[in-house]
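Just so it is clear: chains get the letters A, B, ... in the order the sequence lines come, proteins before strands, and each one is counted from 1.
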Protein chains: 2
Amino acid sequence: MHDDNSSSKNEQESVLRGGEMEASVGYRLRLAQILAYRNFEEKITDHGVAPRYLGLLGIVSANPGQPQNKLADAIGLQKSSLVTILDRLEKEEILERRAIPQDRRARGVWLTPRGEKVVTELAARAADHEERMAKGIPAEDRERLIEMLGHIIDNLRS
Amino acid sequence: MHDDNSSSKNEQESVLRGGEMEASVGYRLRLAQILAYRNFEEKITDHGVAPRYLGLLGIVSANPGQPQNKLADAIGLQKSSLVTILDRLEKEEILERRAIPQDRRARGVWLTPRGEKVVTELAARAADHEERMAKGIPAEDRERLIEMLGHIIDNLRS
DNA sequence: ATTGTATTGTTCGTCTTCGTACTATTTATT
DNA sequence: AATAAATAGTACGAAGACGAACAATACAAT
């Protein structure tokens with residue numbers, strides 16, 4: 001039915017490749033993300049937990065004072081998951097939660113001055129990582145890639 | 001410095017968008033993957049834990065009898081993480097571990113007949129999911145997308 | 001042959017995320 | 001105004017993945 005690589009002595013150094021499944025958007029999306037995330041975290045050891053949540057911090061920087069559930073939606077996490085994350089980032093004085101006058105249930109999120117600085121520095125390193133990751137893909141195609149990913153995100157949100 | 005949406009009454013239903021960061025491959029890769037994974041799992045409630053590990057099962061189906069560390073590499077997980085996963089899939093009789101004559105340390109992984117059937121069925125549903133996810137992207141671009149993701153994966157592996 | 005090094009699979013403790021339930025507040029309905 | 005329904009944030013227990021350490025086996029170097 002399928003090849004059985006273990007029967008003969010054709011052991012390669014190469015990574016296993018799957019069937020049709022392996023050539024799907026879903027499969028490669030996942031694998032690429034796992035590798036990218038790990039790769040980025042391995043290279044950045046300072047700044048505490050901030051690197052791991054750089055995406056969130058970017059959103060907060062661009063949209064200061066937003067309530068937590070909106071932030072959770074933006075990055076695709078549960079609001080309950082965000083609590084612990086924000087607790088830690090607040091303890092490290094990257095950001096802070098403050099009351100919002102409009103809604104006494106909500107607590108808006110702002111970056112601290114230190115947080116802004118950290119984000120700026122990490123963004124530069126993220127750009128390096130981006131470059132390494134997409135090396136060999138022409139700029140034009142990269143833009144198209146980003147566009148298509150945005151398209152997929154929109155499809156999945158509706 | 002930045003807009004402060006909370007000051008005026010321009011509350012939209014729309015999701016927050018970040019700064020330059022938001023338009024990066026890394027950011028969208030992660031967000032798209034999170035949404036895709038959740039979306040897929042929400043829609044498929046039967047077949048136990050198999051749907052979550054369909055990627056792995058596809059690899060096993062295409063490469064029967066491979067040792068566990070090769071499988072871990074292929075899907076970007078730690079070999080220690082794979083142990084629990086395989087335990088569960090084995091308990092559900094989707095796959096089985098058997099000794100390999102060539103190396104007495106290793107235990108190769110095979111799909112059971114039932115596992116093969118489950119994979120076939122899930123693959124069809126994954127194709128549906130794929131279609132929903134990529135709706136609106138022409139087939140030609142989709143291929144290019146898959147190709148670029150593969151390129152990124154290769155870059156991250158080296 | 002023997003000794004040292006690398007590899008395979010596993011266990012174990014830790015960290016992260018999730019899902020559910022709960023409180024406080026806001027919004028909608030009567 | 002009074003009551004019902006929805007929403008924001010949080011706490012807590014469960015599940016998943018990680019990293020480090022370990023035993024068994026394989027490979028390499030002398």
Side-chain angles (χ1 to χ4, degrees), chain A residues 6 9 11 13 16 30-31 33-35 37-42 45 48-56 65-92 95-110, chain B residues 6 9 11 13 16 30-31 33-35 37-42 45 48-56 65-92 95-110:
Chain A
S6 66
K9 257 293 177 192
E11 306 285 330
E13 294 297 319
L16 297 179
R30 174 162 177 79
L31 182 51
Q33 192 274 321
I34 290 175
L35 295 177
Y37 207 59
R38 229 208 282 308
N39 209 288
F40 184 62
E41 281 208 322
E42 273 171 7
T45 55
V49 290
R52 164 169 269 163
Y53 303 112
L54 180 56
L56 167 64
Q66 289 295 319
Q68 305 183 21
N69 65 349
K70 279 211 167 187
L71 295 175
D73 276 357
I75 61 175
L77 288 192
Q78 302 297 118
K79 56 181 182 171
S80 62
S81 308
L82 206 56
V83 173
T84 327
I85 296 171
L86 294 179
D87 283 349
R88 239 169 324 159
L89 288 168
E90 199 165 23
K91 189 166 292 174
E92 296 184 8
L95 52 78
E96 58 186 357
R97 290 182 263 213
R98 293 206 304 266
I100 293 178
Q102 290 87 19
D103 189 337
R104 284 191 303 171
R105 292 169 302 182
R107 304 180 66 194
V109 179
W110 280 264
Chain B
S6 65
K9 255 298 175 190
E11 305 284 332
E13 293 298 319
L16 298 179
R30 175 163 176 77
L31 182 51
Q33 192 274 321
I34 290 176
L35 295 177
Y37 208 58
R38 227 208 285 306
N39 207 287
F40 185 62
E41 281 208 323
E42 274 171 5
T45 56
V49 290
R52 163 169 269 161
Y53 303 112
L54 179 56
L56 167 64
Q66 290 295 320
Q68 305 183 22
N69 65 350
K70 280 213 166 186
L71 294 175
D73 276 358
I75 62 175
L77 290 191
Q78 300 299 117
K79 56 182 180 169
S80 62
S81 308
L82 205 57
V83 174
T84 327
I85 295 170
L86 293 180
D87 283 350
R88 237 169 327 157
L89 288 167
E90 199 164 22
K91 188 166 296 175
E92 296 186 5
L95 52 78
E96 58 185 356
R97 292 182 262 213
R98 294 206 303 265
I100 294 179
Q102 289 88 18
D103 189 337
R104 281 192 306 169
R105 294 170 300 181
R107 305 179 65 195
V109 179
W110 281 264

Counting just side-chain N and O atoms, does [X] come under 4.0 Å of either OP1 or OP2 of [N]?
X       : N       : result
R38(B)  : dC18(C) : yes
Y37(B)  : dG16(D) : no
R104(B) : dA26(D) : yes
N69(A)  : dT7(D)  : no
R107(A) : dT10(D) : yes
R52(A)  : dC15(C) : no
Q78(B)  : dG19(D) : yes
S80(B)  : dT10(C) : no
Q68(B)  : dT7(C)  : no

Distance in angstrom units between [X] [atom1] and [N] [atom2], rounded:
X       : N       : atom1 : atom2 : result
K79(B)  : dC18(D) : NZ    : P     : 13 Å
L86(B)  : dT11(C) : CG    : P     : 12 Å
I100(A) : dA24(C) : CD1   : C1'   : 15 Å
L89(B)  : dG16(D) : CG    : P     : 11 Å
I75(A)  : dC18(C) : CD1   : C1'   : 14 Å
D87(B)  : dA15(D) : CG    : P     : 15 Å
D73(B)  : dT7(C)  : CG    : C1'   : 12 Å
I85(B)  : dA15(D) : CD1   : C1'   : 12 Å

Which nucleotide wins on minimum distance to the side chain of V83(A), given the candidates dA8(D), dA11(D), dT11(C)?
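Selected nucleotide (nearest to the side chain): dA11(D).
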
List the steps and the verdict of side-chain contact (heavy atoms from CB on, under 4.5 Å) for L89(A) and V109(A).
CA-CA 11 Å; L89(A) 288 168; V109(A) 179; over 6 Å; no

Value rounded to 0.5 Å, distance of CG in D73(B) from CG in L82(B):
10.0 Å

In Å, rounded to the nearest 0.5 Å, how long is the span from CG of L71(B) to CG of L95(B)?
9.0 Å

R97(A) vs I34(A), nearer the 5' end of DNA chain D by closest nucleotide
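Closer to the 5' end of DNA chain D: R97(A).
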
Quick one, F40(B) with R52(B), criterion side-chain contact (heavy atoms from CB on, under 4.5 Å). Give me CA distance, side-chain angles, the key distance, then yes/no.
CA-CA 8 Å; F40(B) 185 62; R52(B) 163 169 269 161; over 6 Å; no

If only atom types and distance count, is the side chain of R30(A) paired as donor or acceptor with the main-chain N or O of G55(B) below 3.5 Å?
no

For the backbone of R97(B) and the side chain of E90(B), can you confirm whether one donor and one acceptor N or O come within less than 3.5 Å of each other?
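Answer holds: yes.
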
Identify, between Y53(A) and A106(B), the residue whose nearest nucleotide on DNA chain C lies closer to the 5' end.
A106(B)

So what does L82(B) touch, heavy atoms closer than 4.0 Å: a base, only the sugar-phosphate, or nothing?
nothing

Between the base of dT7(C) and the side chain of R105(B), is there any donor-acceptor pair under 3.5 Å?
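Answer is yes: a donor-acceptor pair is held.
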
